[in-house]
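Below is one structure, written out as C-alpha cells; comments come after it.
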Amino acid sequence: MDEVVKIINAIKAGNIKPIYFLMGEEPYYIDKLTEYFEQNLLQEHERDFNQTILYGRDVAIENIVGIAKRYPMMADRQLVVVREAQELSRTIDQLENYVENPQLTTVLVIAYKYKTLDKRKKITKLLSKHGIVYESKKLYENQVGEWLKRVLQGKKLSIEPKAVAMFVDFLGTDLSKIANEVNKLAIILPEGSTITPAIIEENIGFSKDFNPFEFRKAIGERNQLKAYQIADYFAQNQKDNPNVLTIGLVFGFFSQLLLYHGLQDKSPRNVAIALKVNPFFVKDYDLALKNYPMKKVSTIVATLRDIDVKSKGVGANALPPGDLLKEMLVKIFN
C-alpha cells in the first residue's frame, strides 16, 4: 500500500513516467492503480482523443507500440492502458525497443496481473530504468488484518478481531473480495461504527456461530458438541463450505500447532510471528497446545492427509460430505 501511495503522490506532484508496468499475484492494487490512471491522468474533455484502453488477448505488441508512438491531440499527453497484459507473456520482450526510447508524451500503463517478469531479463531492467515497475504481492493471512484496519480507518470505521477472522476465513487473502464487502458495509454504517461479527452476519451472510473460525476454535477447545454442530451445518451448506476448504483449514491449524510445539520461545509475540497469526488469537493456540500433545498432533496431521485425499474423491467410496467431516472429528477427538 505504501508503494502505491508513493506512485500516486509522485503523479500528483507532476513526476509522471512514460511507462508503468504493474505486475504481481495480487490483482487488487494493479486494478486500483489502473483505475487511478484512467480517472485522473487526463481531464475529462481530453479522454475521447487521448485515452486508449487495450486488452492483452486482443492486441499484439506491435499494435501497442504503434498507438504509444502517436502524439496527443490538443493535450499535453496521451494515456494508453493495456489491461490483462499477462496474455502477452510470450511476446512481452518485443517491447524492449520501445522501452529503450519511449514516447515522452505518452503514458503507457501495462497491467500484467497474476504473473511477474524475471528481474534478470533485459526487458525488466529497461522498464525499471525508463519507467516504474510495481510488483503487487499476495498478503499472508496474518497481514490481511492490518490491511483491513487501514482500509476501514480511511472510511472512518473500525473492526473487532473476531470479525477480521471471519473475513479471512470466508474470503481468504483475496483483497478485491474483501474490499467489495467492506464497501457494502461502509454504505450502510455511520462513521465511527465498529464492525462486529453480528453486523457481518446480518449484512454479508457469514454466520457468526457456524463458520470456519468457530469450527477451528471448537476443535482447539475440544468442544465436541459445538464442533459436530458446525460440521453438520457445513455438510448441509456445501456450496459455501466445501469439504476441501474445511479440511484444508483444519490441516493448516494442526500444522501450525505442530510448529508451536517445536518452538523454544513460546512468548505470545514470537508465537504470533512464527505461526503468522494475529496476536489476539494466540490464546486459542495456547489452549489447543494443552489439549493436544505433540505426539497426538503428529498423528492428526497424518490422518488429515488421508481425509484430504478422500475429500477430493480418491478412495472415499462416495461418502456424503457430513460423514467425511464426522470421520475427521472422530479421529481428532479420539
Side-chain angles (χ1 to χ4, degrees), residues 1-137 175-176 179:
M1 182 183 286
D2 292 338
E3 193 173 349
V4 172
V5 172
K6 184 178 178 181
I7 291 172
I8 291 174
N9 286 341
I11 293 169
K12 288 180 178 178
N15 183 12
I16 302 172
K17 300 293 184 180
I19 304 173
Y20 291 84
F21 197 93
L22 316 176
M23 65 181 186
E25 294 182 3
E26 175 50 66
Y28 177 78
Y29 283 119
I30 296 176
D31 288 338
K32 286 297 179 183
L33 278 170
T34 303
E35 289 170 9
Y36 180 83
F37 279 106
E38 292 176 6
Q39 295 171 8
N40 296 278
L41 195 72
L42 300 177
Q43 296 184 42
E44 190 170 351
H45 69 274
E46 298 175 324
R47 293 174 191 159
D48 287 343
F49 296 106
N50 298 289
Q51 183 160 300
T52 305
I53 311 298
L54 305 170
Y55 289 85
R57 69 181 63 183
D58 302 322
V59 70
I61 296 294
E62 60 188 30
N63 302 126
I64 297 171
V65 171
I67 294 170
K69 285 184 175 180
R70 293 176 186 169
Y71 287 97
M73 294 181 62
M74 296 176 289
D76 293 332
R77 61 178 61 88
Q78 71 158 335
L79 172 66
V80 180
V81 176
V82 186
R83 289 180 170 269
E84 309 299 335
Q86 65 274 10
E87 299 288 340
L88 297 165
S89 60
R90 294 182 180 179
T91 57
I92 199 69
D93 288 349
Q94 294 174 17
L95 264 179
E96 287 178 5
N97 288 337
Y98 177 79
V99 176
E100 280 188 293
N101 186 29
Q103 176 67 276
L104 298 181
T105 54
T106 294
V107 176
L108 176 60
V109 178
I110 302 174
Y112 196 84
K113 298 195 290 189
Y114 312 112
K115 294 183 178 182
T116 59
L117 294 180
D118 187 333
K119 293 180 175 60
R120 297 168 296 180
K121 295 183 71 172
K122 181 180 178 181
I123 182 66
T124 314
K125 294 176 180 178
L126 288 172
L127 286 164
S128 298
K129 179 179 179 181
H130 298 285
I132 295 290
V133 176
Y134 166 69
E135 182 177 354
S136 184
K137 298 179 180 180
L175 303 188
S176 297

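In this text the structure is predicted, and so the values were computed from the model without any measurement.
Distance CG/Leu88 to CD1/Ile110: 8.5 Å, rounded to 0.5 Å. Distance check: Gln43 CD to Asp76 CG gives 9.0 Å after rounding to the nearest 0.5 Å. Here CD of Glu62 is found 13.0 Å from CG of Asn97. Values are rounded to the nearest 0.5 Å.
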Return all side-chain donor-acceptor pairs below 3.5 angstrom for residues 26-40, not counting sequence neighbours, or 'none' if the list is empty.
from  : atom 1 : to     : atom 2 : distance (Å)
Glu26 : OE2    : Tyr28  : N      : 2.9
Tyr29 : OH     : Trp147 : NE1    : 2.6
Asp31 : OD1    : Lys113 : NZ     : 3.1
Thr34 : OG1    : Ile30  : O      : 2.7
Glu38 : OE1    : Arg83  : NH2    : 3.3
Glu38 : OE2    : Arg83  : NE     : 3.2
Glu38 : OE2    : Arg83  : NH2    : 3.1
Asn40 : ND2    : Tyr36  : O      : 3.0

Discussion item. Go through it in stages, so that I can follow the logic: the residues are Tyr20 and Val107, the test is side chain to side chain contact (heavy atoms under 4.5 Å, CB included), and I'd like the CA-CA distance, side-chain angles, deciding distance and then a yes or no.
Written reply: CA-CA 8 Å; Tyr20 291 84; Val107 176; 3.9 Å; yes
Worksheet entry | side chain to side chain contact (heavy atoms under 4.5 Å, CB included) between Arg77 and Leu42, worked out | CA-CA 8 Å; Arg77 61 178 61 88; Leu42 300 177; 3.9 Å; yes
Discussion item. Between Leu127 and Leu117, does the side chain to side chain contact (heavy atoms under 4.5 Å, CB included) criterion hold? Intermediate values first, please.
Written reply: CA-CA 10 Å; Leu127 286 164; Leu117 294 180; 3.7 Å; yes
Discussion item. Using side chain to side chain contact (heavy atoms under 4.5 Å, CB included), reason through Leu126 and Leu95 one step at a time and then give a plain yes or no.
Written reply: CA-CA 10 Å; Leu126 288 172; Leu95 264 179; over 6 Å; no
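In this structure, the side chain to side chain contact (heavy atoms under 4.5 Å, CB included) partners of Gln94, at least two apart in sequence or on a different chain, are Ile61, Thr91. The side chain to side chain contact (heavy atoms under 4.5 Å, CB included) search around Thr116 returns Met23, Glu135, not counting sequence neighbours. Scanning for salt bridge (Lys or Arg N to Asp or Glu O under 4.0 Å) contacts around Asp2 gives Arg150, with sequence neighbours left out. Lys6 meets the side-chain hydrogen bond (donor to acceptor under 3.5 Å, both in side chains) test with no other residue; sequence neighbours excluded. The side-chain hydrogen bond (donor to acceptor under 3.5 Å, both in side chains) test applied to Lys12 returns no partner, not counting sequence neighbours. Every residue was checked against the side-chain hydrogen bond (donor to acceptor under 3.5 Å, both in side chains) condition with Glu46, not counting sequence neighbours, and none meets it. For Asn15, the side chain to side chain contact (heavy atoms under 4.5 Å, CB included) partners two or more places apart in sequence, or in a different chain, are Ala10, Lys17. Residues passing the salt bridge (Lys or Arg N to Asp or Glu O under 4.0 Å) test with Lys121 are Asp93, sequence neighbours excluded. For the side-chain hydrogen bond (donor to acceptor under 3.5 Å, both in side chains) test, residues two or more places apart in sequence or in another chain that qualify with Asp118 are Arg120.
Under the 3.5 Å distance criterion, the side-chain polar atoms of Gln78 are matched with a main-chain donor or acceptor of Ile67. For the pair Asn50 (side chain) and Met73 (backbone), a donor-acceptor distance under 3.5 Å is present.
With a 4.5 Å cut-off on side-chain heavy atoms, Thr106 and Leu79 do not count as touching. When side chains are defined from C-beta on, Ile132 counts as touching Ile7, because their heavy atoms get closer than 4.5 Å. In this structure, the side chains of Pro18 and Gln103 stay at 4.5 Å or more apart for every pair of heavy atoms. With contacts defined as side-chain heavy-atom distances shorter than 4.5 Å, the pair Val82/Ile53 does not qualify. Residues Leu22 and Val109 are in side-chain contact: their nearest non-hydrogen atoms beyond the backbone lie under 4.5 Å apart.
Of all heavy-atom pairs between Ala68 and Val80, the closest is CA-CG2, 4.3 Å.
For residues 84-121, the set of pairs meeting the ring-ring contact (aromatic ring centres under 6.0 Å, His included) definition, not counting sequence neighbours, comprises Phe21-Tyr112. Among residues at least two apart or in separate chains, there is no ring-ring contact (aromatic ring centres under 6.0 Å, His included) pair with a member in residues 42-72.
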